[in-house]
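Working notes for the structure below.
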Amino acid sequence: METAINLLSDKSRVKTLPREFYVRPVLEVARDCIGMILVHRSPDGEAAGRIVEAEAYRGPLDLAAHSSRGLTKRTAAMFGPPGYAYIYLLYGMHWAINLVAGAEGEPHAVLIRAIEPIRGIELMARRRKKLATSRELTSGPGKLTQALAITGQHYGIDLCGEELFLEVGERRAGVGRSPRINVAYAGEWALRPWRFYERGNRYVSVAPRI
DNA sequence: ACGAAGATCGACT
DNA sequence: GTCGATCTTCGTA
């Protein structure tokens, strides 16, 4: 946490998070993502939202991570340098975005599971065919990619570039932890509390069990 | 070459 | 709460 705070205050004039943000243990990166702003500048305009839910994946040991099955065409980005996007198709239907993190060569990544709309809300509503006030706009990994128009064409994109990046944001509530969602196939790895979320935020995809 | 399963969503009861 | 959609990836033959 120390590291992140110093990192952010030093760069307070620069809104885009630098590569160093991603070059840290993936659990720290996942936790520190909560409250940061995910921005996509597309030809249609800019859309952005505060990250309110994220999960850490730590292959190759972590059996819930795609990278536990080794380096393939799909997982190549996870094995590449930190600060790039690993994007894949979920259930053959929806795109999901991950931020590659950790030391170079470690196939670790942070899955963004939910954001709270901040800018370009009407644009997101049109893309989602929902009301701008609807929770359904961005309360899930496949929903937020549709709202931000992130697809496979962004595979491997540099998150320190001008199109798709994280911006410093403020955290409004405490960060909760829980096991990751829908990874029961990973056996005991599914029990690890590697999901982070902002407490009380209505865009969090799955309500935490109290 | 074939078949199963998946880091989900939305429609429906 | 249940269930179908849809397609890439990977294990097995």
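Every chain is numbered from 1 and lettered A, B, ... according to where its sequence line falls, protein lines coming before strand lines. Computed over heavy atoms, backbone and side chain alike; hydrogens, waters and symmetry mates excluded.
Note on A96(A): nothing from the nucleic acid sits closer than 4.0 angstrom, heavy atoms only.
Shown here are the salt bridge (Lys or Arg N to Asp or Glu O under 4.0 Å) partners of E198(A), two or more places apart in sequence or in another chain: R50(A). For R192(A), the side-chain contact (heavy atoms from CB on, under 4.5 Å) partners two or more places apart in sequence, or in a different chain, are W189(A), W194(A). Annotation: side-chain contact (heavy atoms from CB on, under 4.5 Å) contacts of P81(A) (sequence neighbours excluded): Y84(A), E104(A). Qualifying side-chain contact (heavy atoms from CB on, under 4.5 Å) partners for A147(A), counting only residues two or more places apart in sequence or in other chains: M124(A), R128(A), T138(A). With sequence neighbours left out, H154(A) forms a ring-ring contact (aromatic ring centres under 6.0 Å, His included) with H40(A). A search for side-chain contact (heavy atoms from CB on, under 4.5 Å) contacts involving A76(A) returns L71(A), Y155(A), not counting sequence neighbours.
Under the side chain to side chain donor-acceptor pair (under 3.5 Å) criterion, the residue pairs touching residues 172-183 of chain A are D62(A)-R180(A), E116(A)-R172(A), S178(A)-R195(A), with sequence neighbours excluded. For residues 89-124 of chain A, there are no ring-ring contact (aromatic ring centres under 6.0 Å, His included) pairs, not counting sequence neighbours.
Taking the 5' to 3' direction, DNA chain B first and last meets chain A under 4.0 angstrom from a heavy atom at dG6(B) to dG10(B).
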* Would you write out the dot-bracket form of DNA chain C, 5' to 3', with Watson-Crick and G-U pairs under 3.5 Å, [ ] for crossing pairs, | for pairs to other strands and . for unpaired bases? -> |||||.||||||.

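Of all the residues in residues 112-149 of chain A, not one reaches under 4.0 Å from DNA chain C with any non-hydrogen atom.
Checked by atom type, the side-chain pair Y22(A)/E20(A) shows no donor-acceptor distance below 3.5 Å.
Salt bridge status for E136(A) with K129(A): absent, with no side-chain N to carboxylate O gap under 4.0 Å. A salt bridge between D44(A) and R126(A) is absent, with no side-chain N of the basic residue lying under 4.0 Å from a carboxylate O of the acidic one.
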* **Protein-to-nucleotide contact annotation, 5' to 3' order, nucleotides 5-10 of chain C [B base; S sugar-phosphate only; - none; under 4.0 Å, heavy atom]** => BBB-SS

